[in-house]
Structures are given as C-alpha cells and as structure tokens.
Number of protein chains: 2
Amino acid sequence: MRLSRYFLPILREVPKEAEIVSHRLMLRAGMIRQESAGIYAWLPFGLRVLNKVCNIIREEQNRAGAIEMLMPTIQSADLWRESGRYDDYGKEMLRIRDRHDREMLFGPTNEEMITEIVRAYVKSYKALPLNLYHIQWKFRDEVRPRFGVYRSREFLMKDAYSFDLDAAGARHSYNKMFVAYLRTFARMGLKAIPMVADTGPIGGNLSHEFIILASTGESEVFCHGDYLDMAPPPADVNFDDPAGLQSVFDRWTQLYAATSEKHDTAAFDAIPEDRRLAARGIEVGHIFYFGTKYSEPFGAKVLGPDGKEHTIHMGSYGIGPSRLVAAMIEASHDENGIIWPDAVAPFQVGILNLKVGDSATEAACGALYAELTAAGYDVLYDDTEERAGAKFATADLIGLPWQILVGPKSLAEGKVELKRRVDGSRELIAPSDIVERLKA
Amino acid sequence: MRLSRYFLPILREVPKEAEIVSHRLMLRAGMIRQESAGIYAWLPFGLRVLNKVCNIIREEQNRAGAIEMLMPTIQSADLWRESGRYDDYGKEMLRIRDRHDREMLFGPTNEEMITEIVRAYVKSYKALPLNLYHIQWKFRDEVRPRFGVYRSREFLMKDAYSFDLDAAGARHSYNKMFVAYLRTFARMGLKAIPMVADTGPIGGNLSHEFIILASTGESEVFCHGDYLDMAPPPADVNFDDPAGLQSVFDRWTQLYAATSEKHDTAAFDAIPEDRRLAARGIEVGHIFYFGTKYSEPFGAKVLGPDGKEHTIHMGSYGIGPSRLVAAMIEASHDENGIIWPDAVAPFQVGILNLKVGDSATEAACGALYAELTAAGYDVLYDDTEERAGAKFATADLIGLPWQILVGPKSLAEGKVELKRRVDGSRELIAPSDIVERLKA
C-alpha cells in the first residue's frame, strides 16, 4: 500500500481523554475513532490488526476441530427467558423493542441461541462431539466504558460452544480449547498464563482465565515464574488424544497461578522465593465447563448408545479480539509507539523514501515495493512528501516491525538501511538482499 | 472437511414457510436458520458461501482503490439529526435507548457516520480522492420480512463512500465503482446489467442499479439482449484513467436497460424486436452520486489548490452479500438443488465414499482427500454411513460443483467417477488424474 493513497490519520498530539497507553497509541496511530461512548470505528490500519488477530484465532479454532458459523447480533428476549437470564442480566444488556413492540436485545453472549440451534438439529450422540464458534460483534452496556477498545460497549468476541454426550467428553472438549488458546496467544507473541477462575454469570464449576502480564493490567495476579519459560503445544498436537491433551492441561496447571480473587497466600509462599511472580495482568481469554446449565432448561438432549435420552454437556470459550489488540499494545510498546509482533503487524515492512522527487530513491523504493509485495509481504510504502524525521516517527509510532530507509546517500553506495523496530538496530544492506534477509 | 465431523443439518422435507426457491434450498441445505422474524444464523455451510462472496467483493473494491475499514453497528441518534434523516427514516430504523437513556439506533446505512469521520480528519484536497468501505451487519426493521436472507431485517452490507474535491472527480470515483461492480458480479458467475435507477432516500441525481435476471425476481426489467453477451472489464483495467473508465461506463450504458419504474416504452420499442428482453430481475447492487447532500449539513470541507474551502463531493455504493447468496441460488439451481458457480462454492469438490467400511474405497478416498486439500481445493469428504443414494442427493442439494464417486466396482478397474454438478455429466477417470483434470 502506498501511504499517499491510504487513510492513516496520525495524531501528533497525545489525546487527553485516553487514560491508558494502548488507548492513546491506538488513537495516535489512526487505528480507531470513538463514535459514541464505548463504541468505536476501526479505521483501515486498526482493522488490519484486528483481522490478523481473528485469523490466528480462526486457524487455531479450526485446528482444534471447532467449526465456524455466524449468529446474528439481535436476539429475541424469549430465548433468554428460557434460560432465566433475561431478568438476571441487568442493565448491561441492551434491550430493544422492534416496530411490532417485540422484546429483542443485542446479544452480549450466545449460550442460549446456540443451545436452541443444537437442540433443533442434533438428536443422536453420533453427531457429537460438536464445537461451534463464531466471531461476531457483541454489546454490553457498561455503565462507564473506558480505555478505548479495551473496555468498550460494542466489542468483537470469538465465542465457541462445545456439546458432548457426557462429562468425560466435555472434559476432553474443554482441554481442546485449553490447548488451542495456549497456541493462539503464543502465536501472537503473548505469554498467556492459565489461571483458575470464577465462573460468574456464565455458571459452571470449571473455568480458566488466560492472563498476560502487563503493568497496566486490571487484575493483580500471582504465579510461578516458570510459566514465562514454558513452550506452547506444537502445531501437530493430537487433538483426538484425550490422555495426551489431559497431560498438556496438567502440565500447564500444576504450577501455582491465580488472580487475587482466587489467591491462596500459603500456596504462593510455597513457591521458591526467586520464582514467585506477583504482577498485574490482563484477561485475554476465558473458558468454562458448565455441564447441563443451559441444555437442561432448553431440553437439549440426544439419544445415547444405550438408547436412552441424555442431556448434553456444554462448555463455552471466549476471546475478545478487539480487546486483544489493546492488550497486545499494553504488553508491547515503548516511548515511540507500538511494537507489533510480526504475526499481527498490519504491515510487516515499511519502505521510507527519504527524498521524494529524487529519481534514484523513487526507483529503488518502487522496485523494493514490487519485489516485497510479490514475495507475499504486506508493505506500507511511505511515498508522501513529509520530511524524513516525520517519516521515522510515524513508522515507529505505528510499529512497523521492519523499516527500510531509502536515502540518496547510502543508495549512492548501493545500500539501504534496514531497521528493526523492536530494538532500533540498523544495518546497511543491498536492496537485492532484503527479501533473503527478511526470510532469515 | 470430513462430513462426519462437520455440522451440515440437511432437511429432507421441503420447509412449508419458505415461499421462494432460494429460501427453501438454503434451509434444506443447512445454510441458515431463522432465529427471529427476518433474523438468521448462518450455519457453517452457509457462512462459507457468504465469506467467499465477501472476499470477491473485497478484492474488487481493493483493486479499484477503495480502502476497507469497519464502522460499528450502533450509532447515535444525534449523528442522524445532523443530516435531518433521523425523523425522516420512519419505522424501518431500529431505535434504541441505552442505560443512560441516550437515543441510539442500529445502523441501516452509514452516510452520516462516514461523513463525520472524514470531516474530522481530512482537511486538504491532497488527501482526496478517498473511498472508504466496510462490510458490516445492518438492520432495517421491515414490516414484513420474508424470503429468508433475500429480504431480512438483519443483513450484511458492503457500503463504500467516495470523497472528491469536485463533481468531475466524483464522477471518476463513481465510474471506478461501476467498473468494480461489473467485475464483482461477473466473477460470481452472474450477468448483472446496470440500469438507471431512482435514488430514493439516499438522494442525489445519478444512480444505477445492477440487476440480474431471474424468474423469481421482484422487479420487472426491460433491456437490450446484447447485455447478456458483454464481457466484463479485465482485471488489469486502469482505474487511474478517467477517460478509459468513462468509455467503459458509456459502453455499458448506451444500450437500453431500465426497471419498470424508469421504463420508456418508446425507447424499448426502438430495439430490434429479436433483441428485446422483458424479464424479471433482482437488484444485487446500487450506486449513487449525491454531491454535497451530506457533506453540506456536516460541514465536510477541504482546502482546495486555490486556497479556498470546498465542500466535498460524495457518492455511496452498496452490495448486500447476504442477499446476494440468495440471488445466486435464484439464478442457478435445478430440481435437485443448488448449482454453485465455482468461485463461490463452499466446497469445490465432494468425495463420496460409496461403501464406507470397505478398505479399498476408504484408502482411495483418504488419498484423494489429502491430495486435493494439498493442492488448495476446499474438499468435503462424505465419509458418513449414509447409503449411496442419500449421498448423491446431498451432494446435488448442496451444489458441489465437482463430485468424485468412489465405489468398489470402478475402483477395482483403477477408476473413480467424476461428476459435474452443472450438467450431471460423468466420466471414469484414474484417481491420479483428478487434480490435472480439475485444473483444466
């Protein structure tokens, strides 16, 4: 993409209304714009990150055998009366009356709807196990939305729902998502630590939050420091092997890790002192096993191999991609701006023409742009008339992992400068060696 | 995808509530499920088609220089008061009050919001031309939603908005979208004919509808038969060439084509009799140039090269992907089910194991599945225990373009049967020749 043809409204000023760094940087980098309290438009640069995050989530959900579908945003109140949550949910639910005065709502989550769908179609244990997910906008009418997309009212959520014949099957489904989540966050460059969690309004008796450490996190967390060195399960992990997945789960939960709500001082103190980690954390995922809490009132049953009716066992599994974008910035930035992990960078490479109008730099930039694009890289080519200093500042603010600085001086010696955003290191390199270098 | 692990709830019965063929077939093929009047969940098979449709739209929007972003579903009423449309819009607008009693609405379209965004950031003609689009769920509270996703209340829309310094620039932007739409529909296997249209509540004085012919279409249309033979503009059409695009526009609008609202009997009668086409049509896209209708009340202005302020000229450009899926089925089906064009088929190839449990057919199916998947095809492998007849019926109902029938008899001779959905033709072929054959 040529920057001169793109829409990247950078703010040079620090926006006053933004209290946390991710909110400030997302506004300054032209990623989002507030439309109403807690409701944001994703500008082109922000949407690119959001889409990359969603695609990683999607790939790992699919790998674990979950199947994507898409439920609507607007739901009927009657559906929520079946579970009894319509009155329970309180003012966070955005309630709506349509032109025929029917009571509707903007879905804050989808346990009810998916249970109704599975009840309608699934009659036999042979159709199980089943895990259906969607990535759809949700609405929770927070009384004080703040921190940008970190705590917004309209937000994107990936929510998966598993359906099994019995508790043992449901446990295996839970472990599949547990492993998928470890892989998902690791691929985004995040060290997410699973912690035993309260189940809250979703219900159930087995639940984990996935927490990343960040100084601006909202929760106080306590864990064993070894978590930071653990490698995520490999891509070829066998999701059809219940014992194998259980052992991954056991390995990732044997060390102490808890949020302040579930904190056990004695257990924490039992950790060798140099491995104790007390820090602030951000919740980036939450998984639940809640048995028959929804299938029971909805009458979602299957015929089992024994010829009898069995109420389906369920779990649900959520990640908020819009919130995750903010969380990644909280975890990865410096005083100059965002530092994107390669896997989610909206553009992996920036080309900065440091002297627009100079035929040599323009030819070199044009050739690099064509070559890198052909090699499959997402490239942002700064061909604007801004001065060099402003281009450096923009490239660092928006966090391009690799920046190619093309100026007449080094070009006269057949070189360009390749800068790594993460540490600011620079090297002189021949343009023809760039693709090879990026691959390495 | 192995069918035994997929969620494809086929209905053998014809659903009584469905009045038109696309609605019947989408329900029967397990593509959608009604959640409330005019509100649908997209089941996995349906979502695959919807995504393919969106990706074609996206590629052609990007090719024409439009930039993707994503606006929220919920908008503030105040925004619509600025344009004066809040009171005008009537009962089709889903109006909402949040917990603080602020007036909100579920966006039926986004002229107001995008104008406000561009007003906030764009100050100079140098940032123009600009075309921003998004693909987002909209809501129109139709009094009688019907025909499934063909006329639903919650529906997906791609809406693009162009911004130019003057009317001449806006005309070029209009032509870009005109050409992009011709290519978009052609890639989906549709012959879409541009027809002069009323502008309705969007406003403006230049507008075209893109209409495909289908016997169940809602509009009566009249056009020159030569439209059906015209080739769409090529992929390398130069979108930066105003005169070139204008000539494409002229070529596609010089022949007579009009909906009944705009019908001119005399002009139609001037067409040679054997080239007159009077038929029913379905609107699949609608484009508008409306000048300063929104930028004027919003005060969206830029400094021109003359140092003076100029009110921005705008257009908007809509395609409904969810509706388009239904329209494609209306245009392409037979008594056995859907006939997907290759470009949007949810799976391009089906493999039907006609004797599950037979080691030879299972080995052959497994090898074909691995080979075709590795070659980049989306494959649905029917490994279920259904009898052969039911598998044939399902593959035809859901419209798989290529079906590989793997039975013990032909396999004993080293062959499988390759069936083409569109004409039912079959050929015996060695499994090792399948990929080569599909590529040809």
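Throughout, protein chains are lettered first and strands after them, A, B, ... in sequence-line order, and every chain is numbered starting at 1. It should be emphasised that the depicted structure is a prediction, and the values quoted were computed from it without experimental measurement.
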Exercise. Are side-chain heavy atoms of B:N51 and A:L70 found at a separation under 4.5 Å?
Worked result: no
For this session: Compare all side-chain heavy atoms of A:I39 with those of B:M104 and state whether any distance is below 4.5 angstrom.
Result: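 SC-SC contact between A:I39 and B:M104 confirmed.
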What's the shortest heavy-atom distance between [X] and [Y], and which atoms?
X: B:H100; Y: A:V143; result: NE2-O, 3.2 Å
X: A:R33; Y: B:I117; result: CD-CG1, 3.8 Å
X: A:Y121; Y: B:P9; result: CD2-CB, 3.4 Å
X: B:R5; Y: A:I67; result: O-CD1, 3.2 Å
X: B:S76; Y: A:S36; result: CB-OG, 3.6 Å

Exercise. Mind checking whether B:F106 and A:F106 have parallel, tilted or perpendicular rings, split at 30° and 60°?
Worked result: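 Plane angle under 30°, so parallel.
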Side chain, backbone, both or neither: which part of [X] has an atom under 4.5 Å from a heavy atom of chain A?
X: B:E154; value: side chain
X: B:I74; value: both
X: B:F7; value: both

For this session: Mind ranking B:R95, B:R102, B:Q75, B:R97 by heavy-atom pairs under 4.5 Å with chain A and telling me who comes out on top?
Result: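 Heavy-atom pairs under 4.5 Å are most numerous for B:R102.
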For this session: Output the option from B:G65, B:G46, B:A41 having the highest count of non-hydrogen pairs under 4.5 Å with chain A.
Result: B:A41
Exercise. Considering heavy atoms only, which positions within residues 156-165 of chain A lie below 4.5 Å of chain B?
Worked result: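 Those residues of residues 156-165 of chain A which would need a heavy atom under 4.5 Å from chain B do not exist here.
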Problem set entry | Heavy-atom contacts under 4.5 Å, residues 125-138 of chain A to chain B |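 Within residues 125-138 of chain A, the residues under 4.5 Å from chain B are A:L130, A:L132, A:Q136, A:W137.
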Exercise. Just how far is it from atom CG of B:L47 to atom CE of A:M71, taken to the nearest 0.5 Å?
Worked result: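 Atom-to-atom, B:L47:CG and A:M71:CE are 11.0 Å apart.
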Exercise. Yes or no on side-chain contact (heavy atoms from CB on, under 4.5 Å) for B:L94 and A:R99, after CA distance, side-chain angles and deciding distance?
Worked result: CA-CA 8 Å; B:L94 188 67; A:R99 68 188 296 166; over 6 Å; no
